[in-house]
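Structure record follows, encoded as structure tokens.
This structure is a prediction, so every number in the text was calculated from the model and none was measured.
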Amino acid sequence: MLSSCVLWRSGRSLLLLLFLWTTATLARAEEQLQSPDKQLTLRVNLTADGTPTYSLTYKGRAVLKPSQLGLELKDTPSLTNGFVQTDAVRKAIDESWNPVWGEVKTIRNHYNELALTLTQPATKRTMLVRFRLFDDGLGFRYEFPRQPELGYFVVKEEKTQFALAGDHKAFWLPGDYDTQEYSTVTSRLSEVRGLMKAAVTPNASQTTFSPTGLQTPLMLKSQDGLYINIHEAALIDYSTLSLDLDDQTFTLNAHLTPDAQGNKGNLQTPSLSPWRTVIVSDRAAGILESKLVLNLNEPTKYTDTSWIKPIKYVGVWWEMITGKSSWSYTNQENIKLDSIDYAKVQPNGTHAANTAHVKEYIDFAAKHKIDAVLVEGWNTGWEDWFGKHKEYVFDFVTPYPDFDIAELNRYAHSKGVKLIMHHETSGAVRNYERHLEKAYTLMNKYGYDAVKSGYVGDILPLGEYHYGQWMNNHYLYAITEAAKHRIMVNAHEAVRPTGLARTYPNLIGNESARGTEYESFGGNNADHTTILPFTRLVGGPMDYTPGIFQTRISAYNPKNNSFVHSTLARQLALYVTMYSPLQMAADLPETYNKFLDAFQFIEDVPVDWDDTRILEAEPGDYITIARLQKGGSNWFIGSTCDEQGRTSNISFSFLQPGKKYEATIYADGKGAHYETNPQAYAIRKITVTSKSKLKQYCAPGGGYAISIVAK
């Protein structure tokens with residue numbers, strides 16, 4: 001500190017001192033922001049060396065302790081410290097919007113915003129950090145304005161931190177650049193390192209990065225009962241966020257997916273990072289109710305969305321997953337698409353995507369008011385599609401000899417059923433982009449308005465990862481090109497959703513997690529569907545493909561001893577608890593024909609909703625949800641529980657007062673158990689009103705479904 005004698009040496013010295021004092025004050029001043037309901041408080045500070053930090057409290061309880069912000073750049077000074085605050089702009093927004101499809105008819109977007117402009121005097125560069133505080137959590141992002149000293153730059157690593165307040169219970173997946181298809185592990189954060197090796201199970205493509213690396217969305221529960229979810233929103237032209245846990249301090253450090261050169265991002269100003277999101281509640285249901293991730297995405301880019309329709313479908317798929325049938329037409333190997341004549345090869349006799357068989361699925365769909373039929377294995381190239389790193393693996397337009405695309409198009413449309421296209425890329429992304437226009441044009445010619453795409457295996461060119469910036473740009477390119485053809489996209493093995501379906505609502509579904517197919521590959525844990533709505537579904541809907549009634553895979557393939565870790569009744573419940581505007585009845589028609597009384601729920605349940613109520617919820621244990629049919633008065637309830645089983649207690653207070661409803665309850669039967677007696681179910685009808693309550697037993701790995709129709 002300068003002495004008093006220095007203060008009066010000259011006017012110039014006084015001005016210098018005032019400048020230094022003002023600069024120090026700007027560098028260290030604290031900004032505060034509260035949520036509209038004043039329950040969440042954000043504090044943003046600059047440390048003595050000009051490092052930006054932020055912290056978050058909920059009802060006075062610590063959610064995040066002071067956590068670092070900034071980015072480390074390659075071959076140039078980083079945007080991590082040396083900052084002074086040069087501007088702070090606040091605003092409040094309270095508006096509502098209607099999604100094209102969704103869990104509710106109207107979404108409220110209500111937040112207080114703080115936009116801080118940070119300048120590095122030493123480099124003359126500026127970075128803006130924009131914070132939005134909602135009643136249910138926080139979103140913030142980095143913004144890089146166009147400026148003389150910052151044009152093109154390479155991100156070496158994002159230095160964002162989430163400094164947690166304790167050793168929370170976590171529902172986590174191993175951090176990986178290529179897959180989310182792991183079983184969720186439930187443990188304390190301090191236990192992650194010891195459990196990581198066992199958590200990393202084999203996959204078609206996988207690249208882990210740390211013994212404490214974690215994926216988002218990461219679900220946490222503090223010892224004092226706070227539920228915290230960390231994710232990202234609006235992932236565009238940027239690398240996917242993972243988290244590297246410091247298990248001594250319980251700080252989560254941002255870790256971006258690299259490209260083939262090891263760089264984490266190539267940016268040009270003006271540019272934006274995705275939003276980093278922290279959803280907070282003292283109720284588990286609050287996490288499921290949150291629309292924060294959607295609200296941080298831009299409104300739809302399309303002026304006309306009338307062609308985007310939710311879909312319920314069946315498909316030629318599960319029989320191949322179980323090993324009953326094959327995708328390939330022949331058993332011949334070493335295929336070259338530009339030289340093979342499939343008319344001259346020996347058929348293998350197990351090819352499922354043949355004209356007669358697909359017509360059987362079309363007939364079933366038409367009879368049971370199912371919108372569409374997915375057909376996999378219709379196109380040439382499946383004989384050696386995987387594991388060869390082939391560039392020219394599929395052309396996406398040439399059918400096998402036994403698949404009459406024109407006749408099936410005619411037949412399906414005559415029955416009021418649509419066909420869903422399938423495009424597996426085998427990771428050969430440049431090959432897919434070369435053929436994309438012809439493939440979409442073929443779909444338009446034959447009346448397909450939805451496609452399931454896939455990215456199984458390592459990405460070509462080798463060295464790129466499924467979740468890097470280059471691939472994220474590809475996924476969005478496929479979606480926007482599809483929109484030009486009025487085509488909806490359901491992308492499998494793609495990046496996990498970050499709410500982009502608000503902006504691009506033809507992104508009608510994603511996989512990006514262990515779906516039902518893994519029930520044929522050894523099985524999912526019985527608590528799997530009690531966790532996914534708190535994790536994977538936070539960013540958007542999942543094509544989970546429920547509805548398996550024959551849970552013993554050996555019934556289809558005697559060589560496969562896997563079984564579905566669920567009762568039949570819970571398979572019905574998943575149509576409500578696992579929200580998606582794209583829902584598959586995944587089992588075989590001949591199996592459904594044996595259980596048509598239970599299949600009635602699948603036939604009746606909608607795929608689009610006007611309202612959603614979370615009746616019961618605890619991650620890893622149970623979820624019970626009620627939903628109101630879009631444009632109607634019927635409600636549907638689904639309940640799923642873990643391997644312990646439980647008794648559910650719900651109220652029907654969400655029903656319209658004074659009206660009577662008929663509730664059809666599809667429940668676990670006597671002695672039901674996901675391992676020993678999964679097909680035991682019972683169906684009963686009762687009259688309910690808004691004053692009714694229900695106590696319903698759920699078997700281990702079980703649940704129930706209810707349709708509620710006004711009398």
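Residue pairs meeting the ring pair (Phe, Tyr, Trp, His ring centres under 6.0 Å) criterion with at least one member in residues 98-124, sequence neighbours excluded, are Y111-F134. Within the structure, salt bridge (charged side-chain N to carboxylate O under 4.0 Å, His left out) pairs that include any residue of residues 173-186 do not occur (at least two apart or interchain). Counting only residues at least two apart or on different chains, the ring pair (Phe, Tyr, Trp, His ring centres under 6.0 Å) pairs with a member in residues 38-58 are Y54-F140. Pairs of residues two or more places apart, or lying in two chains, that qualify as salt bridge (charged side-chain N to carboxylate O under 4.0 Å, His left out) and include a residue from residues 40-55 are E30-R43. Pairs passing the side-chain hydrogen bond (donor to acceptor under 3.5 Å, both in side chains) check and including a residue from residues 71-82, sequence neighbours excluded, read K74-N263. Screening residues 50-59 for salt bridge (charged side-chain N to carboxylate O under 4.0 Å, His left out) gives K59-D282 as the qualifying pairs, with residues at least two apart or on separate chains. Within the structure, ring pair (Phe, Tyr, Trp, His ring centres under 6.0 Å) contacts touching residues 211-248 (residues at least two apart or in different chains) do not occur.
Looking at residues two or more places apart in sequence or on another chain, you find no salt bridge (charged side-chain N to carboxylate O under 4.0 Å, His left out) involving E643. R90 pairs by the salt bridge (charged side-chain N to carboxylate O under 4.0 Å, His left out) definition with E31, not counting sequence neighbours. For E143, the side chain to side chain donor-acceptor pair (under 3.5 Å) partners are R130, R141, not counting sequence neighbours. Applying the salt bridge (charged side-chain N to carboxylate O under 4.0 Å, His left out) criterion to E493, with sequence neighbours excluded, gives no partner residue. Scanning for salt bridge (charged side-chain N to carboxylate O under 4.0 Å, His left out) contacts around R276 gives E158, E232, with sequence neighbours left out.
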side-chain hydrogen bond (donor to acceptor under 3.5 Å, both in side chains) evaluation trace for T300 with T503: CA-CA 4 Å; T300 180; T503 312; over 6 Å; no
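Between Y177 and Y465, the ring planes are tilted. Angles from 30° to 60° get that label.
One finds a salt bridge joining D224 and R61 here, because a Lys/Arg side-chain nitrogen approaches an Asp/Glu carboxylate oxygen to under 4.0 Å.
The cationic atom of R502 (NZ for Lys, CZ for Arg) lies less than 6.0 Å from the six-membered ring centre of W97 and within 45° of the ring axis.
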